[in-house]
A.B. asks: 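Quick one: this structure, given as structure tokens, is what I'll be asking you about.
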Amino acid sequence: MTSCENDLFVLSLLSMTRLTKADVVHVAKLAKLNLSDSEINKFLPQLSSIIDFIGQLNEVDVKNVEPTAQVTGLENVYRVDGLNSSNYLTQDEAISGTDKTYNGYFKVPAILEGRTDK
Amino acid sequence: MNLPLTIEETRKGLLDKKFSVVELVDEYLARIDRNKDLNIFLTVSKDLAYKKAKEADKLIRTGIGQGQYPLLGSVIAHKDLFLTKGVRTTAASKVLELFIPQYSATVVERDDKAGAIMIGKTNCDAWAHGASGENSDFGPTKNPWNKKFVPGGSSSGSAASVAAGLSLIATGTDTGGSIRNPANFCGVVGLKPTYGAVSRYGVIAMASSLDSIGCFGHTVPDVELMFNVTKGEDGYDATVKNSKTPKLKNSNLRVGIPKEYFTVGLDKEVEKSIMSSIEVFKKEGIEFVEVSLPNTKYAISVYYIVQPAEVSSNLGRYDGIRYGNGRRSFGAEAKRRIMLGTYVLSAGYYDAYYLKAQKVRSKLIADFDRVFERVDAIIAPVMPGAAFKLGEKVSDPLKMYLADIYTASANLAGIPGLAIPSGFNRLGLPLGFQLLGPRFSENTLFGLGKMYQQAVSYKPSLAIK
């Protein structure tokens, strides 16, 4: 951990149980959710009380405990690296979930706006 | 028509020509139509059901060998989280309001091949987020025993459908109790298999390290049969393991009573009912010992870190571009869990929450592993009380989350759980208990469950006449 990361970590521990409106707005942005003001005001106390509650894990000693990654003890599951027509959708099937298609492709909202070369 | 209440009765009635599959479908559809106010079905697949029924009747006329089509003519309802080719699948969310899958889940295909007749798709908490069935974007499911009460969740419609006789059997998913809880509130048998025993392929993902695919029926032999039809590798879900489920041993079994599950907060009537069930087992020669699962008190905290973290990741794919509506269409509970999960995984918090939770999870697992060195199974309550009233807990999400206290540990540890009805409380609402066992010990749980139902001469009854 660099000292900067370290500071950030300490800071996050200090602020762990104090969720602010800015935190909610930030998290919503990370999760690509557009929340209204009334939603933010509703979620803030609800999320705060849940985060306070899960903070109880602070009291558990986990020294020398490995985190769980998988519960049934599976290791390296392989499959044949080959094509099997029942494993994929046809192009028509793949685009059947939307009306917004063009020549067999998905139409997506423009990322770049306005051309500057004309 | 007197509806058959088990898979065996259905098969026998069909082979003895007491009724046809088409007549069964007629009857179930009529019952679905009469009970629309329970809001159990989101989609009824009438035409497909009749097509399959006619095919099944034709098969019966040409002759069916013993053991062929083990679910012959059994009318099944699938939780609307299971993809069904050509039949709308919504996850009870407005995001997928108009989604028609291009393929079916492994479990749907296997039930279909075994002769089951799909009648429709059942309501549930949207994306399986909930303990009451009230988080559906299409309105709450009602408990068929009393419409003022919740049926439990998240597989609300599936459990209610079996209890009300709108289908004989049903499928469900259990991520933190979502099969055992509604089975308990609706008075039917519900199985949450070992993690990785049944393929998740084609089942809309909630929390991938916890999701377990199971089923509902009136009796233990029925869920055992459905489990045997659906379990095992399919080549599409890498976590599925073809484990040899050990046969039920002949010597007397020993069952643990975890002291942490029988403390403050457990409803007296629930406790009394479990204690009398223990007496039933004792008369059958089962030995009971007190055991301790000391980290139980942390299960909810671990669960409400790991689960929302995985939820936020799994729901990241819904962008409204390739199929479905955009992210604005998520309901309040989905948004809450996406936010919570994104928060615990975000920079600076990952170690403090997610990593810490996965370490405490290891301690919870170690508790179970230690206890299962001494006992063959554990008996426990499913829910702290019987079904609660609609609307009672909706305004306080934390209170609703705490309802998972007795169920979530099994998902964190990946062990199987079997919920069994044990009577009714003074309000006429179902009571029950769950049996938990080591990974892949389903046969032991079935053995104990059948022993109990035989000992009490269990006769399934429908909530709706």
A.B. asks: Are B:L340 and A:I51 close enough that some pair of their side-chain heavy atoms sits under 4.5 Å apart?
C.D. replies: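 Side-chain contact under 4.5 Å: yes.
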A.B. asks: Kindly determine whether B:S346 and A:L30 satisfy side-chain contact (heavy atoms from CB on, under 4.5 Å), including the steps that lead there.
C.D. replies: CA-CA 9 Å; B:S346 63; A:L30 291 177; 4.1 Å; yes
A.B. asks: I'd like to check A:P67 versus B:R361 (side-chain heavy atoms, cut-off strictly below 4.5 Å). Are they in contact?
C.D. replies: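 Not in contact.
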A.B. asks: Side chains of A:L74 and B:K241: does their closest heavy-atom pair fall under 4.5 Å?
C.D. replies: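 When only atoms from C-beta onward are counted, B:K241 and A:L74 do touch, with a gap below 4.5 Å.
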A.B. asks: Which heavy atom in A:L57 sits nearest to a heavy atom in B:A357, and how many Å separate them?
C.D. replies: CD1-CA, 3.9 Å
A.B. asks: What's the separation between atom OH in A:Y88 and atom OH in B:Y103, rounded to the nearest 0.5 Å?
C.D. replies: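 With rounding to 0.5 Å, OH (A:Y88) is 16.0 Å from OH (B:Y103).
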A.B. asks: With no hydrogens and no angle check, is any side-chain donor or acceptor of B:R328 less than 3.5 Å from a backbone partner on A:L33?
C.D. replies: no
A.B. asks: So for B:L402, is it side chain, backbone, both, or neither that comes closer than 4.5 Å to the heavy atoms of chain A?
C.D. replies: side chain
A.B. asks: Evaluate the side-chain proximity of B:M339 to A:L35: yes if any heavy-atom separation is below 4.5 Å, no if none is.
C.D. replies: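 Counting from C-beta outward, A:L35 and B:M339 do come under 4.5 Å.
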A.B. asks: For the residue pair A:L19 and B:Y343, establish whether any side-chain heavy-atom pair is separated by less than 4.5 Å.
C.D. replies: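 Yes. Closest side-chain heavy atoms under 4.5 Å.
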A.B. asks: Looking only at side chains, do B:S301 and A:Q56 share a donor and an acceptor under 3.5 Å apart?
C.D. replies: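 Side chains of B:S301 and A:Q56: pair found under 3.5 Å.
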A.B. asks: Using only heavy-atom distances, determine whether the side chains of A:E59 and B:Y298 contain a donor-acceptor pair under 3.5 Å.
C.D. replies: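 Note: A:E59 and B:Y298 side chains meet the donor-acceptor criterion.
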A.B. asks: If I measure from the heavy atoms of chain B, does A:F53 come under 4.5 Å with its side chain, its backbone, both, or neither?
C.D. replies: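 For A:F53, heavy atoms of backbone and side chain both lie under 4.5 Å from chain B.
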A.B. asks: Does a side-chain N-to-carboxylate-O contact under 4.0 Å join B:K335 and A:E39?
C.D. replies: yes
